[in-house]
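For reference, the structure is listed below as structure tokens.
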Amino acid sequence: RALVFNGVECCIAIVTIQFPILDLPNEIISKIFPLLHMKDRLRARVNRRLNMIEVESKYHVNALYISEVSEWKDNSSLLSIKMYSKVFYSTDDGISAFDCIRKIFQNTSIGSLPVALEACGSLYRDFYNIIKEFKNIGHLTINFKKELFMTDSQFFDLAKSCEVLCLYRASGITADALHKLYQ
């Protein structure tokens, strides 16, 4: 390429350097993975060897924010996943939000996980089915936009997944369940 700067023509060469990461031993790659953004780590899972290394590695995220976003056009709902105030997941990424959450939860501990969901609908049920299997959350806060009737077993499943549980607009939890959890 040629560039004219102050009347002087300059040549610019653009060189793309590809780093052969697969030439490195697994131990070195596993040291590099924690330095990558989570989105890049998830993208690396398309390679069988990188997927194995990524799944075997453990990570910690200080905070991850999940919220349900209503689409006004067709009255559907989507999930938005944010980390460090930046959108981490969008529907354009080609994978479902729950596949993304499931992959994150495989080997990541999360310090704080605030979640904002509608009280009804399939998104809550899908999220509940994933979260009850995950055990590495420090502080889980679920804020339902509408009142939700929660059974004692749902309450216990959520409580097992975290150290601290805060529920907003959740009803139906019995005094016996609260007492049993307190013991």
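Numbering of residues begins at 1 and proceeds along the displayed sequence. Here the structure is a predicted model, which is why all the values come from computation and not from measurement.
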| Residue list, side-chain hydrogen bond (donor to acceptor under 3.5 Å, both in side chains) with Asn129, at least two apart or on another chain | none

Only pairs under 3.5 Å count here: list side-chain donor-acceptor contacts from residues 151-159, not counting sequence neighbours, and write none if there are none.
| residue | atom | partner | partner atom | Å |
| --- | --- | --- | --- | --- |
| Thr151 | OG1 | Ser153 | OG | 3.2 |
| Thr151 | OG1 | Gln154 | N | 3.2 |
| Thr151 | OG1 | Gln154 | OE1 | 3.4 |
| Asp152 | OD1 | Thr174 | N | 3.0 |
| Asp152 | OD1 | Thr174 | OG1 | 3.4 |
| Asp152 | OD2 | Thr174 | OG1 | 2.7 |
| Gln154 | OE1 | Thr151 | N | 3.0 |
| Asp157 | OD2 | Tyr128 | OH | 2.4 |

| task | Could I get the full list of side-chain hydrogen bond (donor to acceptor under 3.5 Å, both in side chains) partners for Thr141, not counting sequence neighbours? | result | His139

| Smallest separation among heavy atoms of Ser161 and Phe134, with atom names | CB-O, 2.8 Å

| query | Any idea which heavy atoms bring Ile131 and Leu140 closest together, and the distance? | reply | CG1-CD2, 4.3 Å

| Nearest heavy-atom pair of His60 and Ser109: which atoms, and what distance? | ND1-OG, 2.8 Å

| Rounded distance (nearest 0.5 Å) linking atom CG of Asn136 with atom SG of Cys162 | 11.0 Å

| remark: Sorted by chain and residue number, the side chain to side chain contact (heavy atoms under 4.5 Å, CB included) partners of Phe33 (sequence neighbours excluded) come out as Ile29, Leu36, Arg41, Ala44, Leu50, Glu54, Tyr59

| Could you state the interatomic distance from CZ (Phe127) to CD1 (Ile66), rounded to the nearest 0.5 Å? | 5.0 Å

| request: Please examine the side chains of Asn47 and Leu22, heavy atoms only from C-beta on, and report whether any two atoms are closer than 4.5 Å. | output: yes

| request: List in chain and number order the residues that pass side-chain hydrogen bond (donor to acceptor under 3.5 Å, both in side chains) with Ser171, two or more places apart in sequence or in another chain; answer none if no residue qualifies. | output: Glu147

| task | Following the transitive rule for hydrophobic clusters with a side-chain heavy-atom cut-off under 4.5 Å over Ile, Leu, Val, Met, Phe, Trp and Tyr, establish whether Phe144 and Tyr168 coincide in one cluster. | result | no

| Atom CD1 of Ile53 and atom CD of Glu27: how far apart are they, to the nearest 0.5 Å? | 8.5 Å

| query | Can you list the steps and then say if Leu181 with Leu165 is a side chain to side chain contact (heavy atoms under 4.5 Å, CB included)? | reply | CA-CA 11 Å; Leu181 184 66; Leu165 175 63; 5.8 Å; no

| request: To the nearest 0.5 angstrom, please state how far the CG atom of Leu113 sits from the CG atom of Asn62. | output: 13.0 Å

| request: Taking all non-hydrogen atoms of both residues into account, name the closest pair between Met52 and Asn26 and its distance. | output: CE-ND2, 3.6 Å

| task | Can you sort out the partners of Pro20 under side chain to side chain contact (heavy atoms under 4.5 Å, CB included), two or more places apart, ordered by chain and number? | result | Asp23

| field | Donor-acceptor under 3.5 Å (Arg169 side chain, Leu148 main chain) | value | no

| note | d(Leu24 CG, Ile32 CD1) to nearest 0.5 Å is 5.5 Å

| request: Show the numbers, then the answer: is there a side chain to side chain contact (heavy atoms under 4.5 Å, CB included) between Ile137 and Glu163? | output: CA-CA 7 Å; Ile137 302 172; Glu163 295 173 20; over 6 Å; no

| query | Got more than 12 heavy atoms from elsewhere within 6.0 Å of NZ, Lys135? | reply | yes

| What's the spacing between Leu178 CG and Asp176 CG if we round to 0.5 Å? | 9.0 Å

| Sequence neighbours excluded, which residues qualify as side-chain hydrogen bond (donor to acceptor under 3.5 Å, both in side chains) partners of Ser112? | none

